[in-house]
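As a basis for the values below, the full set of heavy atoms in this structure was taken, side chains included, without hydrogen atoms, waters or symmetry mates. Model, not experiment: these values are computed from the prediction. Numbering of ligands and ligand atoms starts at 1, following listing order.
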Amino acid sequence: MLSFKFILVAYGLLLVPQSVISSPAVPRYFQRSLFSRGNISATTVETELGPQLSSGSLVFGPDSPQWSNATSRFDTLVRPDVQVVVEPASEADVSKIARSQLWTKAPFGFLVRNRGHGITTSLSAFSGIQINMNQLNGVSILPDEGTAILQGGTFARDLVPTLWDAGYVTTTGASPCVGIIGPALGGGYGRYSGLYGLVLDDILHYNVVLANGTEIGVNETSHPDLLWALKGAGHNFAIVTSVVKKIYPKEIDTWHYHSYVWTQDKLETAFETLNGFHKSDNGTTPPKMGVNYGSIIMNTSVSTTEAVLEWSFYYAGPAGEAEEILKPFNAIGAVAEDVFDASYPEVSSLTDGNCAGAPIALASVLTVEYNITAERALYELYVANVARYPELAATAYAWHEGYATAGYQAVPSDSTAFAHREENHIMFFATVVPDGSGLLDAAMTWAKDSRDIWNGGQPDRLPATYVNYAAGHDYEALDSIYGYESWRLERLRGLKAEYDPHNRFRFYVPVICGQ
Ligand SMILES: Cc1cc2nc3c(=O)[nH]c(=O)nc-3n(C[C@H](O)[C@H](O)[C@H](O)COP(=O)(O)OP(=O)(O)OC[C@H]3O[C@@H](n4cnc5c(N)ncnc54)[C@H](O)[C@@H]3O)c2cc1C
Ligand SMILES: *[C@@H]1O[C@H](CO)[C@@H](O)[C@H](O)[C@H]1NC(C)=O
Ligand SMILES: *[C@@H]1O[C@H](CO)[C@@H](O)[C@H](O)[C@H]1NC(C)=O
Ligand SMILES: *[C@@H]1O[C@H](CO)[C@@H](O)[C@H](O)[C@H]1NC(C)=O
Ligand SMILES: *[C@@H]1O[C@H](CO)[C@@H](O)[C@H](O)[C@H]1NC(C)=O
Ligand SMILES: *[C@@H]1O[C@H](CO)[C@@H](O)[C@H](O)[C@H]1NC(C)=O
Ligand SMILES: *[C@@H]1O[C@H](CO)[C@@H](O)[C@H](O)[C@H]1NC(C)=O
Ligand SMILES: *[C@@H]1O[C@H](CO)[C@@H](O)[C@H](O)[C@H]1NC(C)=O
């Protein structure tokens, strides 16, 4: 979970710059497609599609008051060239849109927008008509089946309380701002990963629209090959109009939260304790300690020159059980702690509001274990750059995620296109790059150097990248994302030839680049 607002609010800063100053020079890999294929107007799209779509569907261009919300993005360095937005009001509309002559006449590809939190700059290569899923947010609970039908535009902030009120929970991303399908297409880590797996692990059936507009149902008996691909490389294959997903009776009344602020002299102890903790349940992370998040970050109320470690733990159960597990962390000696117990919807909405946009430089990795030498090197780099770039210091942080893994590690690696079940941690460096600061290159270098240090900390493993945290850098090799076993990319490309022969789904970490 990326969480900027949380940190920025804590520091009393504003996320969105108040004045719009012209942006600094943008490196080539962040530029829009150099090969513009011509423009299309809302009138053209409305003429073609308007009569076919169900009532309530919308077609609009940049003149509409809805434009700004409909095209806003979490990371404003991601700049798809959206010319017209189409907003289907029913699932059947999606097929009509995809079949339209608009796509067959012009070589546009499909860009589906759900909650706009995709952070890969590969999206900036897009030019054309964007399909917005926000009206397709229906949820039907089927108690007898233990499932719910979720439409393709559902998102966590709506879904979590809806299920809770009916007596259920399910896997979602940990941030209330992100979609369900967006994360699920590439994985989907959340607070229930330890018990139930990734968001994609409990999807039983997908209703999708293929590139040629054909609607099919995908499950273990219908197009099982595509089911495999949708679970990890799904952005490349189809538009998901709805899914059937497992739900679980709510059995846990409250979650226990405990956060710590440690000074940097505790860094080695803290990471040793974390490594021990992540093996403490018969070799794995205690499944009910859904996640712990931690940062190397500035907290100027502690020090203006030394960074601190801020760590928070979320446990699916009562305080007593959680504190038993947290004893080694309590013994480290924090300068500040925060503790509370809350219902799952309350815990899930802790970063509510963290949906607004900013220009963010980011690079991420996946690792098996924390390397303490590397973490010390990361700290040294961090404090050196904080001193060098005061304008980045307030928002820069090196983030560590430790989800409980038992749920997703129980699923065989080759059974889905998601290639990273062995890894236990996602880490990233991120910073807001203030408009006009001229620090984009410096921020990008800081991000890459952090990634290199983390990768250097596991010399016996190849770099690994979570597709949903891939930022579009040229150093994020495709096999580091989709898996090093050569059969994985071969299989994905074979399925592309079958299901999307014209590569219309090519803007989100494409398995086949170019036209
Ligand atoms: C603040 C923040 C918090 C995050 N927290 C988590 C987290 O806790 N766990 C986690 O695993 N990841 C997390 N992520 C990463 C997240 O999985 C990706 O950013 C994801 O792409 C977000 O999906 P979206 O719908 O919000 O974004 P969008 O940008 O709208 O969608 C991303 C891409 O998904 C595809 N897509 C979305 N919906 C559909 C659909 N119905 N049919 C076909 N294609 C579709 C499109 O290719 C689209 O470009 C987080 C990211 C951010 C920025
Ligand atoms: C598309 O529109 C933009 C903005 O109006 C304009 O700058 C660009 O030249 C147009 N491109 C083509 C190919 O017409
Ligand atoms: C844009 O989104 C904001 C926040 O969700 C909302 O308050 C506002 O009404 C929206 N504006 C339009 C024009 O839809
Ligand atoms: C699988 O999908 C097919 C096609 O949509 C559907 O007919 C069938 O009922 C589905 N099977 C299950 C078990 O959901
Ligand atoms: C611990 O793990 C081993 C090997 O994975 C397994 O055989 C054993 O049953 C587990 N023990 C418990 C108590 O879960
Ligand atoms: C910063 O440190 C102080 C203790 O000096 C603590 O109270 C506060 O919560 C910390 N801020 C954050 C965002 O963790
Ligand atoms: C830890 O990282 C350092 C580089 O920072 C590396 O030299 C060392 O081999 C790593 N240790 C392990 C156990 O991988
Ligand atoms: C649409 O694509 C699918 C998958 O490639 C194919 O099986 C089907 O025949 C196509 N339908 C049409 C009408 O071309």
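Between Q66 and ligand 3, not a single N/O pair is under 3.5 Å apart.
Near V302, with a cut-off below 4.0 Å to any heavy atom, the atoms of ligand 6 are 2 (O), 5 (O). Here is the list of ligand 3 atoms found below 4.0 Å of a heavy atom in P65: 13 (C). Residue N69 approaches ligand 3 through these ligand atoms, each under 4.0 Å from one of its heavy atoms: 1 (C), 2 (O), 3 (C), 8 (C), 10 (C), 11 (N), 12 (C), 14 (O). Each of the following atoms of ligand 6 lies closer than 4.0 Å to a heavy atom of E310: 11 (N), 12 (C), 13 (C), 14 (O). The S301 neighbourhood of ligand 6 comprises atoms 1 (C), 2 (O), 3 (C), 4 (C), 5 (O), with distances under 4.0 Å to a heavy atom of that residue. Close approach of ligand 6 to A336 (heavy-atom distance below 4.0 Å) involves ligand atoms 4 (C), 6 (C), 7 (O).
In terms of the ring-ring contact (aromatic ring centres under 6.0 Å, His included) criterion, F60 has no residue partners (sequence neighbours excluded).
Protein residues having a heavy atom under 4.0 Å from any atom of ligand 8 are L210, N212, T214, E498, Y499, listed by chain and number.
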(message) If you apply the rule side chain to side chain contact (heavy atoms under 4.5 Å, CB included), what do you find for D338 with Y260, and how did you get there?
(response) CA-CA 7 Å; D338 189 13; Y260 306 84; over 6 Å; no
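Geometrically, R376 engages Y379 in a cation-pi contact, judged by NZ or CZ lying under 6.0 Å from the ring centre and within 45° of the ring axis.
Between the side chains of E91 and S242, at least one donor N or O lies within less than 3.5 Å of an accepting N or O. In this model, no donor atom of one side chain and acceptor atom of the other lie less than 3.5 Å apart for H205 and E220. Side-chain atoms of N137 and T154 form no donor-acceptor pair, as typed in the model, at a separation below 3.5 Å.
Salt bridge R504/D500: absent, no basic N to carboxylate O contact under 4.0 Å.
Distance check: N275 CG to H425 NE2 gives 6.0 Å after rounding to the nearest 0.5 Å.
Contact record, I296 with A307: CG2-CB, 4.0 Å, taken as the closest heavy-atom pair.
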